[in-house]
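Letters A, B, ... mirror the listed sequences (proteins, then strands); counts begin at 1. Only a predicted model underlies this, so the values are computations on that prediction, with no experimental measurement involved.
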There are 2 protein chains.
Amino acid sequence: MAKHEKISEAVVRRLPIYLRYLSYLQQVEVTTVSSQQMGKNLDVNPAQIRKDLAAFGDFGKKGIGYDVDYLVEKIREILKLTDEIRVALVGAGHLGHAISNYNAYLKDNMRIAAIFDNNQEKQGKKVAGIPIQPLSELEETIVNKQIKLAIITVPAPAAQSVCDQLTQAGIRGILNFAPTTIRAGKDVRIHYADVTSNLQSLAYYLT
Amino acid sequence: MAKHEKISEAVVRRLPIYLRYLSYLQQVEVTTVSSQQMGKNLDVNPAQIRKDLAAFGDFGKKGIGYDVDYLVEKIREILKLTDEIRVALVGAGHLGHAISNYNAYLKDNMRIAAIFDNNQEKQGKKVAGIPIQPLSELEETIVNKQIKLAIITVPAPAAQSVCDQLTQAGIRGILNFAPTTIRAGKDVRIHYADVTSNLQSLAYYLT
DNA sequence: TAGATTGTTAATCGATTAACAATC
DNA sequence: TAGATTGTTAATCGATTAACAATC
């Protein structure tokens with residue numbers, strides 16, 4: 001923030017990795033860390049870490065390293081995790097259930113605030129305490145609850161339509177588990193997390 | 001294969017995306033496709049697609065484009081999807097269950113061939129027809145069943161230990177859903193798919 | 001033939017790494 | 001002070017894109 005360079009997607013993908021390690025250091029009550037130590041533990045070049053962080057401000061002390069608490073605070077600011085971010089989940093199948101129950105991102109100010117599914121039998125039922133709503137209520141709910149991000153766990157053929165409805169409702173970041181490419185305007189960020197593509201590219205490296 | 005350039009990870013990550021689109025074209029009985037058409041649908045630069053494919057051989061016809069069936073076959077060869085690839089899943093929690101039941105990669109010659117979990121109550125029970133085994137049987141099973149890839153869906157604190165056991169058993173590709181960095185030798189490929197990091201980096205782009 | 005599209009080279013762009021002065 | 005480590009510049013490396021001859 002202190003500086004105004006263009007931040008590449010690669011940097012933004014590393015920041016949560018740094019944050020995770022730093023949170024771990026807080027747990028084990030380590031108060032200071034060097035880029036070298038971080039790099040060794042995360043398999044990232046130390047110069048890379050210093051450069052990534054320096055793009056947002058001078059967070060370290062020469063000769064000393066980084067204060068863990070301070071750096072955690074700063075990275076959380078950069079990633080906008082200071083206020084709670086509410087997330088919508090679309091698709092209450094096996095995967096949707098698993099993600100809803102998965103408590104890992106209840107930490108760090110992220111919370112699934114609404115779940116949608118068009119299967120009539122599911123509607124009204126609760127997952128992890130959150131009622132499943134029909135997609136007809138998607139836009140209103142997203143606006144009212146100030147939901148900012150969405151996770152798509154519907155089958156591939158439905159993914160594009162869901163994406164359209166989400167962006168229509170103002171969502172600007174989507175994590176897509178459906179095994180299909182979806183398209184949206186340039187102001188919408190889409191990350192892919194589908195298992196098939198991931199496994200297939202791993203297969204390439206076999207022998 | 002026809003050529004012997006170093007293939008970057010970026011290319012290998014795009015090949016499954018191409019394959020998925022080409023499979024779709026097969027379904028709708030389109031027999032020929034140009035790099036332009038592919039690029040438009042997948043949000044990839046057409047020159048990029050041509051360069052990616054040309055690194056493995058001359059698959060296209062000037063003035064015509066690519067034969068869909070032929071290109072599918074070639075990409076499957078490149079990704080080593082011609083023979084069945086067996087996958088182990090470690091961690092039979094919600095997420096493990098969801099992935100096991102998810103049939104998407106039963107297609108394309110991928111199959112979950114074994115499931116491991118150290119929870120005694122789960123052992124012997126079946127998920128999607130596959131019995132849950134204790135981790136003590138991991139190495140033997142992986143060797144016997146010629147399992148080549150693994151998916152980690154255990155809690156973060158257990159992930160590194162599981163990774164060590166997997167690599168010890170000969171696994172060379174791991175898809176890690178646990179929200180932690182894991183380390184292995186350079187001959188082991190690790191892809192990350194954890195929800196938390198993905199959502200956190202999306203948060204950066206919010207206004 | 002004329003139009004289309006590949007494969008490939010060259011140009012551009014961006015990301016990573018090495019090196020080191022500044023300084024705690 | 002001496003040792004350590006940052007922030008930053010310059011060098012390197014790699015990936016993307018534009019352009020076009022070859023050719024179907």
Side-chain angles (χ1 to χ4, degrees), chain A residues 1-15 17-18 21-22 25 30-75 78 186 201 204, chain B residues 1-15 17-18 21-22 25 30-75 78 186 201 204:
Chain A
M1 328 283 227
K3 309 190 178 183
H4 290 283
E5 305 172 25
K6 283 161 259 152
I7 304 299
S8 78
E9 179 158 352
V11 178
V12 176
R13 285 198 167 272
R14 281 191 294 268
L15 290 175
I17 311 299
Y18 301 161
Y21 180 62
L22 292 162
L25 290 180
V30 171
T31 57
T32 305
V33 68
S34 69
S35 60
Q36 188 139 114
Q37 189 189 339
M38 286 183 67
K40 211 178 73 180
N41 276 278
L42 302 176
D43 269 337
V44 179
N45 184 299
Q48 175 104 258
I49 295 174
R50 294 201 297 281
K51 198 164 204 283
D52 286 354
L53 296 175
F56 297 100
D58 290 1
F59 300 152
K61 284 202 177 50
K62 291 187 174 69
I64 307 291
Y66 300 90
D67 180 86
V68 173
D69 287 348
Y70 182 70
L71 195 51
V72 163
E73 193 187 316
K74 284 300 167 186
I75 295 181
I78 294 164
K186 294 219 166 174
S201 57
Y204 173 80
Chain B
M1 327 285 225
K3 308 188 180 183
H4 291 281
E5 303 171 27
K6 283 161 261 155
I7 304 299
S8 79
E9 179 157 352
V11 176
V12 177
R13 284 199 170 272
R14 282 191 292 269
L15 290 175
I17 311 300
Y18 301 162
Y21 179 62
L22 292 162
L25 290 181
V30 170
T31 57
T32 304
V33 67
S34 69
S35 59
Q36 187 137 116
Q37 189 190 338
M38 286 183 68
K40 211 178 72 179
N41 276 278
L42 302 176
D43 270 335
V44 179
N45 184 299
Q48 175 106 256
I49 295 174
R50 294 201 297 279
K51 199 163 202 285
D52 287 354
L53 297 175
F56 298 99
D58 290 2
F59 299 152
K61 283 201 177 50
K62 291 186 173 72
I64 307 291
Y66 299 90
D67 180 88
V68 173
D69 287 346
Y70 182 70
L71 195 51
V72 163
E73 193 186 320
K74 285 299 168 188
I75 294 181
I78 294 163
K186 295 218 164 171
S201 58
Y204 173 80

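- Straight-line distance from the CG atom of A/N45 to the C1' atom of D/dA11: 14 Å, rounded to whole Å.
- Comparing A/I64 and A/A47 against DNA chain D, the residue whose closest nucleotide sits nearer the 5' end is A/I64.
- Shortest non-hydrogen contact noted between B/Y18 and B/V44 is OH-CG1, 3.9 Å.
- Atom CZ of B/F56 and atom P of C/dT6 are 17 Å apart (whole Å).
- Shortest non-hydrogen contact noted between B/T32 and B/Q37 is O-OE1, 4.3 Å.
- B/D67 has its CG atom 21 Å from the P atom of C/dA4, to the nearest Å.
- The distance between atom NZ of B/K51 and atom C1' of C/dT12, rounded to the nearest whole Å, is 13 Å.
- Nearest-nucleotide positions on DNA chain C place A/E9 closer to the 5' end than the other of A/R50 and A/E9.
- When the P atom of C/dT16 is taken as reference, atom CG of A/L53 falls 14 Å away, rounded to whole Å.
- Contact between B/S35 and B/R50 at its shortest, heavy atoms only, is OG-NH1, 3.0 Å.
- Closest non-hydrogen pair, B/L53 versus B/F59, comes out as O-CE1, 3.8 Å.
- For A/V72 against A/L22, the heavy-atom pair with the smallest separation is CG2-CB, 3.5 Å.
- Considering all non-hydrogen atoms of both residues, A/I78 and B/Y204 come closest at O-CD1, 3.4 Å.
- B/K62 has its NZ atom 7 Å from the P atom of C/dT8, to the nearest Å.
- Atom CD in B/Q48 sits about 16 Å away from atom P in D/dG14, given to the nearest Å.
- A residue-by-residue look at A/S8 and B/S34 shows that B/S34 has its nearest nucleotide of DNA chain C further toward the 5' end.
- With a 3.5 Å limit on both pairing distances and Watson-Crick or G-U wobble geometry required, the stems of 3 or more pairs in DNA chain C span C:3-24 with D:3-24.
- Between the CZ atom of A/R13 and the P atom of C/dA15 there is a distance of 14 Å, rounded to whole Å.
- Close to D/dG7, at under 4.0 Å from its OP1 or OP2, lies a side-chain N or O of A/Y66.
- To the nearest 0.5 Å, atoms OH (A/Y66) and CD1 (A/I49) are separated by 8.0 Å.
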